[in-house]
Amino acid sequence: MTKIGVISDTHLPGPSERLCRLADHVFVDVDLVLHAGDLISLDVLKAFSGKKVIAVYGNMDRSEVTATLPEQDIVPIGRFRIGLIHGDGAPRGIEERIKKSLPPVDAIVYGHTHKASNHIHDGILYFNPGAFSGSFLLGRNRSVGILSVADRIQGTIINL
């Protein structure tokens with residue numbers, strides 16, 4: 001089984017103490033970390049040193065991030081293909097818009113909405129870990145996620 005840590009919307013200028021604790025505890029035994037954008041700074045990824053990290057940029061990222069990271073990526077894990085993208089625009093209809101922008105995949109990991117989502121539609125797992133930074137108002141409801149990949153892909157939302 002492959003275990004993947006999933007995070008989005010960190011909105012940090014660098015690796016905070018809270019993010020480093022997450023990396024050392026919740027993500028301690030993951031094989032890979034996926035970051036679905038809105039890092040703000042590439043320095044945020046230093047919190048996951050020693051781990052393989054795949055990240056895409058989001059709509060709030062600085063130019064250094066958008067110049068370095070792709071807008072979307074396809075991550076092969078065993079026989080599965082995971083689409084990684086941030087997303088944009090209004091939360092309503094975001095999954096349909098994202099699906100149209102990606103090639104065929106088995107799972108779609110996205111961010112942007114700051115709201116966790118973990119469901120299957122038309123055979124595709126849609127997984128949004130929510131926002132490490134929390135909700136837009138007051139920073140509440142902080143969360144990340146774990147994907148477990150074996151004979152299928154399963155997601156778990158972890159409230160922080």
Let me check something: do [X] and [Y] share a hydrophobic cluster, defined by ILVMFWY side-chain heavy atoms less than 4.5 Å apart, either directly or through other members?
{"X": "Val44", "Y": "Ile7", "result": "yes"}
{"X": "Tyr126", "Y": "Phe80", "result": "no"}
{"X": "Val30", "Y": "Ile54", "result": "no"}
{"X": "Val6", "Y": "Phe132", "result": "no"}
{"X": "Val75", "Y": "Leu69", "result": "no"}

Original post:
Is any NZ, NE, NH1 or NH2 atom of the basic residue among Asp29 and Lys3 found under 4.0 Å from an Asp or Glu carboxylate oxygen of the other?
Top reply: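 Salt bridge: yes.
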Original post:
Charged N to carboxylate O below 4.0 Å: is that the case for Asp24 and Arg21?
Top reply: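 No salt bridge links Asp24 with Arg21.
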Which atom names give the shortest non-hydrogen contact between [X] and [Y], and what distance separates them?
{"X": "His11", "Y": "Ser133", "result": "CD2-OG, 3.4 Å"}
{"X": "His114", "Y": "Gly134", "result": "ND1-O, 2.7 Å"}
{"X": "Phe27", "Y": "Gly145", "result": "CE2-O, 3.7 Å"}
{"X": "Ala36", "Y": "Gly111", "result": "CB-N, 3.9 Å"}
{"X": "Asp73", "Y": "Val56", "result": "N-CG1, 3.9 Å"}
{"X": "Ala107", "Y": "Ile124", "result": "CA-CG2, 4.1 Å"}

Could you state the interatomic distance from [atom1] ([X]) to [atom2] ([Y]), rounded to the nearest 0.5 Å?
{"X": "Ile4", "Y": "Ile77", "atom1": "CD1", "atom2": "CD1", "answer": "4.0 Å"}
{"X": "Asp106", "Y": "Arg152", "atom1": "CG", "atom2": "CZ", "answer": "13.5 Å"}
{"X": "Ile108", "Y": "Ile85", "atom1": "CD1", "atom2": "CD1", "answer": "8.0 Å"}
{"X": "Ile98", "Y": "Lys100", "atom1": "CD1", "atom2": "NZ", "answer": "12.5 Å"}
{"X": "Leu160", "Y": "Asn141", "atom1": "CG", "atom2": "CG", "answer": "10.5 Å"}
{"X": "Leu102", "Y": "Arg81", "atom1": "CG", "atom2": "CZ", "answer": "9.5 Å"}

In terms of side-chain heavy atoms, does [X] have a donor or acceptor partner in [Y] at a distance below 3.5 Å?
{"X": "Asp38", "Y": "His112", "answer": "no"}
{"X": "Asn128", "Y": "Ser8", "answer": "no"}
{"X": "Glu95", "Y": "His119", "answer": "yes"}

Subject >> Partner of Tyr57 by side-chain contact (heavy atoms from CB on, under 4.5 Å), out of Arg62, Glu71, Gln72 >> reply: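 Only match with Tyr57 under side-chain contact (heavy atoms from CB on, under 4.5 Å): Glu71.
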Side-chain donor/acceptor of [X] to backbone N/O of [Y], under 3.5 Å:
{"X": "Arg97", "Y": "Ala90", "answer": "yes"}
{"X": "Asp61", "Y": "Ile40", "answer": "yes"}
{"X": "Lys115", "Y": "Pro129", "answer": "no"}
{"X": "Asn159", "Y": "Ser143", "answer": "no"}

Original post:
What's the verdict on side-chain contact (heavy atoms from CB on, under 4.5 Å) for Leu12 and Leu39, showing C-alpha distance, side-chain angles and the deciding distance?
Top reply: CA-CA 6 Å; Leu12 293 169; Leu39 296 80; over 6 Å; no
**OP:** Taking the six-membered ring for Trp and the single ring otherwise, decide whether the centroids of His86 and His35 are under 6.0 Å apart.
**Re:**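 Here the rings of His35 and His86 have centres that are no less than 6.0 Å from each other.
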Subject >> side-chain contact (heavy atoms from CB on, under 4.5 Å) between Asn118 and Leu125, worked out >> reply: CA-CA 7 Å; Asn118 181 18; Leu125 172 65; 3.4 Å; yes
